[in-house]
Amino acid sequence: MNRIWSSIVGKLWLTILLLVSFVLFVFTVLMLEFLEDYHQEQAEITLRQTASTIASIVENYNLEQLTDEIIKEMITEDTSAFIVNKEKRVVSAFQTGMNSIEIQNNILESATFNKIYKSNDPILESMILPSQTEENKMQTYVVLSYPLKSNEEVHGAIFIYKNPSALHQTSQQTTKIVFLSAFIAFVLTTFFAFFLSSRITWPLRKMREHAFELAKGKFDETLPTVQNDEIGQLAVAFNQMGRQLKHHLEVINQEKEQLSSILTSMTDSVITFNRDRTILLSNPPAEKLMQKWFVVNKNENNSPIPQEIFGMLEHVLDFEDKLEEDIAINGSHYRITISPLKNSENSIRGAIAVIRDMTEQIRLEKLRSDFIANVSHELRTPIAMLQGYSEALLDDVVTNEEDRNEMTRIIYDESQRMSRLVNDLLDLARMENGHTTLYKEPVQAVTMIERITQKFTQVAKEKRVQLKFQSELSNTVEIDVDEDRIEQVLTNLIDNAIRHTPQEGSVAVSVEHELSYVKVQVADTGEGIPQEDLPFVFERFYKADKARTRSKSGTGLGLSIAKNIIEAHKGHIRVSSVVGKGTTFTFYLPI
């Protein structure tokens, strides 16, 4: 059944049926309206003629019995009448059917007909009165009142009305004819529609099946072309279309594979937008980038694209102009190029965005510039001192042997400082390039760390700093490490802690077991490190106290070297600090 309604036969059949039904409906409405008006007009004419004749008889003849007989002969079966004197009393009644008294009372109580006793002209009025054929039913009647005169004076009136059943019967007959015509039209329409199915819809069904096969990618099948009319020509066009589709689809697939390979191999993120700002296409780097943005901004909005990029997209789509900007999003730096995409009609259909993550490049560039600046700064002072004191010696500015020895010692110390800086730089470069050689051997963790800590006891006493060591780890626990390198890490951490802890402060070295690691902490009660500087503690040439004296400063490479040594041992190091309360360095070494 559903197949019939969705087919051309069903639609053609339904269309013709609706058209015929509409025509019949309009015809019925107009015909009923015409018949109603016609019968209304004829009823009024008949009532007027009958009332006029009855009035003449009543006025000219005084024989009541003879007058009633004549009036009865004049009134038809569907017409009723009654005569009223000027006291509004019914003198004669010529009524048929039911509810005669109720009809009389309703007519006599009408305010419109009260004027008939003082008027010389008939009064015609439509009234809703009880039915003459059914109980408890009201019908619309046409009532005519005609004045009765005697010696030119009105002494009564005749009221005459017609039963509307005739009009209803005519409407019913007309409706029956319309329904009969509709049934005949339904039969003829059905026969005509299904007759056309064998001539038109059968070839069209074949073409539909062939179109579905084309949609499935079966381009080799063809339609038979046995007819020479429009349907046969349509079949030929279908066959040509299948061949062209096969050719174009092969070309499109080749271009698609080529484009997909290019997009997949690109390191830059590529996103294609539609005109309505929705995403049409993105390559794998773009999908990873959008996932990152969505995770960061999931509490702000549900869009995977930041508002900064949407602002650029709006500009490109509105002004049809290419836009290239460097913007920072969530601490990362991107170079974004958005270009409009146009269709064959040279109108904007979307835009393509190429996003390059410049964060690492900018960070490396900053590190390079900072490295050059820091190295220059660190070398400038010893070189200036070497140059100045050596010139003083060459110019014999020094007059005694004691001053000469002091200058020589300063030159030696500064040369040693430059040597340490160069060696640290070389060590750090080798570590960062993965060329660090570790000579690992099993050592007892507690014994090694306690030994290194005790080396700083005298230094701590001189600084009036309390140095403590505590361990919750068994003395028998061994770790496989390069002892010299770990000593270099601890030496740097403990020395920094003592140097940056004021007098009467304390430095605590603790060892404990955590999961599968040995946890070592170096905590001091010194000046602390500001929170904004903590992410940069392990970078080269970092110095938390920008105003400290040279006597307290090192090369600024110790923590960076320490981090590389710990990571080379498959461990990790972190720092926590509160300004004014102290700093805690924690590193983990696998057991």
Side-chain angles (χ1 to χ4, degrees), residues 420 423-424 427-428 430-431 436-463 465-501 505-514 516-529 534 537-540 542-544 552-577 582-591:
R420 288 195 305 271
N423 289 333
D424 286 347
D427 288 343
L428 184 59
R430 283 195 295 267
M431 290 178 184
T436 304
T437 302
L438 298 178
Y439 299 97
K440 294 183 179 182
E441 58 182 12
V443 296
Q444 292 180 344
V446 176
T447 303
M448 177 190 66
I449 296 172
E450 185 177 11
R451 176 183 61 80
I452 298 170
T453 304
Q454 294 301 324
K455 290 172 59 177
F456 290 89
T457 302
Q458 187 60 35
V459 177
K461 288 180 180 180
E462 294 176 357
K463 298 286 186 178
V465 174
Q466 183 182 4
L467 179 61
K468 298 181 293 183
F469 174 80
Q470 55 187 8
S471 172
E472 298 179 1
L473 189 67
S474 173
N475 292 334
T476 59
V477 175
E478 294 185 345
I479 54 177
D480 192 21
V481 296
D482 186 333
E483 187 172 356
D484 291 337
R485 291 293 187 179
I486 299 301
E487 182 174 354
Q488 183 179 356
V489 173
L490 277 171
T491 299
N492 183 278
L493 296 179
I494 297 173
D495 180 65
N496 285 344
I498 293 174
R499 284 191 294 113
H500 295 94
T501 301
S506 64
V507 176
V509 180
S510 62
V511 185
E512 59 183 83
H513 182 259
E514 185 173 307
S516 59
Y517 291 89
V518 171
K519 177 183 176 182
V520 182
Q521 282 189 325
V522 180
D524 62 60
T525 59
E527 55 215 40
I529 302 173
L534 284 179
V537 164
F538 296 103
E539 290 188 0
R540 292 172 290 185
Y542 167 78
K543 294 177 182 180
K552 291 177 64 177
S553 68
T555 62
L557 300 174
L559 290 178
S560 182
I561 293 174
K563 179 183 178 183
N564 280 277
I565 291 174
I566 295 300
E567 291 178 349
H569 283 81
K570 307 301 181 184
H572 55 279
I573 186 172
R574 58 185 175 84
V575 61
S576 61
S577 181
T583 304
T584 300
F585 282 89
T586 305
F587 64 88
Y588 298 83
L589 295 173
I591 298 177

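Model, not experiment: these values are computed from the prediction.
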Which one of Ile452, Leu493, Ile449 satisfies the side chain to side chain contact (heavy atoms under 4.5 Å, CB included) criterion with Val509? Ile449
Side chains of Val507 and Phe456 in contact at under 4.5 Å (non-hydrogen atoms): no
Could you give the distance from OG (Ser516) to CG (Leu589), rounded to the nearest 0.5 Å? 11.5 Å
Arg574 and Tyr588: side chain donor to acceptor below 3.5 Å: yes
Would you indicate whether the side-chain heavy atoms of Val511 and Val518 approach each other to under 4.5 Å? yes
As an exercise, state the distance from CD of Glu478 to CE of Met448, rounded to the nearest 0.5 Å. 11.0 Å
Donor-acceptor pair, distance only, cut-off 3.5 Å: does the side chain of Asp524 make one with the backbone of Gly582? no
Sequence neighbours left out, what pairs pass salt bridge (Lys or Arg N to Asp or Glu O under 4.0 Å) with at least one residue falling in residues 440-459? Arg451-Glu483, Arg451-Glu487, Lys455-Glu487
What distance do Thr583 atom OG1 and His500 atom NE2 have between them, rounded to the nearest 0.5 Å? 9.0 Å
Return the set of residues passing side chain to side chain contact (heavy atoms under 4.5 Å, CB included) with Ser510 (not counting sequence neighbours), or none when no residue passes. Gln470, Gln521
Exactly one candidate in Val575, Ile561, Asn564, Ile566 meets side chain to side chain contact (heavy atoms under 4.5 Å, CB included) with Phe538; the answer is Val575
So do the side chains of Ile494 and Phe585 get within less than 4.5 Å of each other, counting heavy atoms only? no
Among Thr457, Val465, Val459, side chain to side chain contact (heavy atoms under 4.5 Å, CB included) partner for Lys461: Thr457
Interatomic distance, Ser576 atom OG to Ile529 atom CD1 [nearest 0.5 angstrom]: 9.5 Å
If I take atom NE2 from residue His569 and atom CG from residue Asp480, how far apart are they, to the nearest 0.5 angstrom? 8.0 Å
Check whether Asn492 reaches the backbone of Gln488 with its side chain - one donor and one acceptor, N or O, closer than 3.5 Å. no
Measure the spacing between CD of Glu567 and NE2 of His572 and express it to the nearest 0.5 Å. 10.0 Å
Could you walk me through whether Ile479 and Tyr517 pass the side-chain contact (heavy atoms from CB on, under 4.5 Å) check? CA-CA 9 Å; Ile479 54 177; Tyr517 291 89; over 6 Å; no
